[in-house]
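Working notes for the structure below.
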Number of protein chains: 2
Amino acid sequence: MTGAATRRPRADALRNRERLLAEADAVFREQGTGASLEGVARRAGVAIGTLYGHFPTRTALIAALLDVRNRELFAHGDALAERPDPARALADWVRAVVRHAAAYQGLAAALAARSDELQDSCHRLTAIGERLVDRARTAGALRGDTTGADVFTLMNAAAWARGHDTPAQADRLLDLALAGMIVG
Amino acid sequence: MTGAATRRPRADALRNRERLLAEADAVFREQGTGASLEGVARRAGVAIGTLYGHFPTRTALIAALLDVRNRELFAHGDALAERPDPARALADWVRAVVRHAAAYQGLAAALAARSDELQDSCHRLTAIGERLVDRARTAGALRGDTTGADVFTLMNAAAWARGHDTPAQADRLLDLALAGMIVG
DNA sequence: ACCTGAACACCGTTCAAGT
DNA sequence: ACCTGAACACCGTTCAAGT
């Protein structure tokens, strides 16, 4: 075992990474996940090669952004599992994820594609969803045979609608589907 | 008024137009509406300039395809308005449009964008939807204040889901939302 | 170890020249 | 009147050369 231990990254590399993530977040919010990566690099003040050095694919960049943004969301999901009203908890969860996933146009499609690079995020999302679904079913609050997969599909579709219709209209769709899913 | 009357198109131009539409239909089914137009032209055996001559924008090409494909759908919609069970008629309509709009990946997004070039199709779709919604409401089969706009959003979202999830999973979403929209 | 930016590839779009 | 395809523009991606 002569292998060197993983060294801490160079300070400028770390700084470039942070700037790239910050600018990618801003650009993706404005233009969606299909935005020009050249533009992201320019705004971050680095050469395009530096961006590819840190994030070999567009999806890797998206995954890194989610890694940061998801912490809060997952904590919220875990907290919801302790709530007294399982039906409300499930509905709140879906609404929270939809708002979250609608931040970038194209993110819903990226999640739905279930690529390897995003599977960590997808896994956690489905796990929390399934837990809340199970609780709601046990409480008799679920209509029919609704599954965690149904919840995942609904979240993605509603997030997509938020980027292609008005948010208000997308929320109506979401309420409609939740009404079909949850009793009373 | 010396203006020449609109002449009938040259036979080769007509033939090129037909071949372009046929190949575009095939390519869009395989690869979605974002597919390479160069590829469409190649498959149709014409130069790329010929494609742009007939269809100045990608959306114009999509609109021309819908023009053909929509006839049957609209006829079906009109027939549904005569059906005895308004709730079933509305549900059947939504399902038919979704299957129709899911033929090309990206079509749902194009419809949701409501561009000028597609407004004819969108107009007809919403008009038929609204008529069926009104009948269902009069029959007391509609939950809450569901509107034609809700139906339009649902159709687009479900069509999107069909291209990004399994069709079966997308159909479950559709059934869920319909259950939230239509009374028993 | 990381950064740079020129180089290459690919595709969308236009338009002058043909028939 | 319509078709052709070269020409231009733009952007994604790689990689040899620098520090």
Side-chain angles (χ1 to χ4, degrees), chain A residues 2-24 26-28 30-65 104-106 109-110 113 115 117, chain B residues 2-24 26-28 30-65 104-106 109-110 113 115 117:
Chain A
T2 59
T6 52
R7 295 175 186 269
R8 70 154 69 197
R10 243 164 54 179
D12 61 336
L14 214 73
R15 195 167 158 280
N16 283 339
R17 203 189 126 89
E18 290 311 312
R19 291 211 54 183
L20 281 165
L21 283 173
E23 295 303 331
V27 171
F28 285 176
E30 291 164 19
Q31 309 172 31
T33 56
S36 162
L37 297 182
E38 200 125 16
V40 171
R42 201 181 320 121
R43 281 178 58 154
V46 300
I48 182 63
T50 302
L51 187 150
Y52 279 94
H54 285 279
F55 311 106
T57 67
R58 184 181 295 270
T59 312
L61 176 55
I62 296 172
L65 284 168
Y104 316 141
Q105 256 204 31
S115 70
E117 289 160 300
Chain B
T2 58
T6 51
R7 296 176 186 268
R8 72 152 68 196
R10 244 163 53 179
D12 61 337
L14 214 73
R15 195 169 157 279
N16 283 338
R17 202 189 125 90
E18 290 312 312
R19 290 211 54 185
L20 281 166
L21 284 172
E23 295 303 332
V27 171
F28 286 176
E30 291 164 20
Q31 308 172 32
T33 56
S36 160
L37 296 183
E38 200 124 14
V40 171
R42 200 179 322 124
R43 281 177 59 153
V46 300
I48 182 63
T50 302
L51 187 150
Y52 279 94
H54 285 278
F55 311 105
T57 67
R58 185 182 295 269
T59 312
L61 176 54
I62 296 172
L65 284 168
Y104 316 140
Q105 254 204 30
S115 69
E117 288 161 299

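Naming convention: chains lettered A, B, ... in sequence-line order (proteins, then strands); numbering from 1 in each chain. Predicted model only: the values in this text are computed from it and were never measured.
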Set out, in order, the CA-CA distance, both residues' side-chain angles and the distance that settles side-chain contact (heavy atoms from CB on, under 4.5 Å) for Arg19(B) and Val46(B), then state yes or no.
CA-CA 9 Å; Arg19(B) 290 211 54 185; Val46(B) 300; over 6 Å; no
Please determine whether a side-chain nitrogen or oxygen atom of His54(A) lies at a distance below 4.0 Å from atom OP1 or OP2 of dC3(C).
yes
Step by step, work out the side-chain contact (heavy atoms from CB on, under 4.5 Å) result for Tyr52(A) and Thr57(A).
CA-CA 7 Å; Tyr52(A) 279 94; Thr57(A) 67; over 6 Å; no
Whole angstroms only, please: what is the CG-P distance between Leu51(A) and dC2(C)?
15 Å
Could you go through the side-chain contact (heavy atoms from CB on, under 4.5 Å) check for Leu61(B) and Leu37(B) one step at a time?
CA-CA 10 Å; Leu61(B) 176 54; Leu37(B) 296 183; 4.0 Å; yes
Mind checking who dA16(C) pairs with, Watson-Crick or G-U wobble, both distances under 3.5 Å?
dT4(D)
Do Gln105(B) and Thr33(B) have a side chain donor and acceptor closer than 3.5 Å?
no
So if I take every side-chain heavy atom of Ala47(B) and compare against dG5(D), dT4(C), dC3(C), which nucleotide ends up nearest?
dG5(D)
Starting from C1' on dC2(D), measure out to CZ on Arg19(B) and report it in whole angstrom.
17 Å
Give the rounded distance in Å between these two atoms: CG of Leu61(A) and C1' of dG12(D).
14 Å
If you look at every strand shown and take non-hydrogen atoms under 4.0 Å, does Ala35(B) touch a base, only sugar-phosphate, or nothing?
sugar-phosphate
Given dT4(D), dC11(C), dC2(C), the nucleotide with the shortest approach to the side chain of Ser36(B)
dC11(C)
Would you say Tyr104(A) and Gln31(A) make side-chain contact, with heavy atoms under 4.5 Å?
no
Heavy-atom donor-acceptor pair, Arg58(A) side chain to Ala35(A) backbone, under 3.5 Å
yes
Produce a footprint string for nucleotides 13-19 of chain C: one letter per nucleotide, 5' end first; B if the base is under 4.0 Å from any protein heavy atom, S if only the sugar-phosphate is, - if neither.
BBB----
Comparing Ala13(B) with Gly39(A), nearest DNA chain D nucleotide closer to 5' gives the residue Ala13(B)
dC3(D) OP1/OP2 closer than 4.0 Å to side-chain N/O of Asn16(B):
yes
Which nucleotide, in any strand shown, forms a Watson-Crick or G-U wobble pair with dA9(C), with both distances under 3.5 Å?
none
What integer distance in Å separates Arg15(A):CZ from dC2(C):P?
16 Å
Decide yes or no on side-chain contact (heavy atoms from CB on, under 4.5 Å) for Asn16(A) and His54(A), but give the supporting numbers first.
CA-CA 9 Å; Asn16(A) 283 339; His54(A) 285 279; 4.1 Å; yes
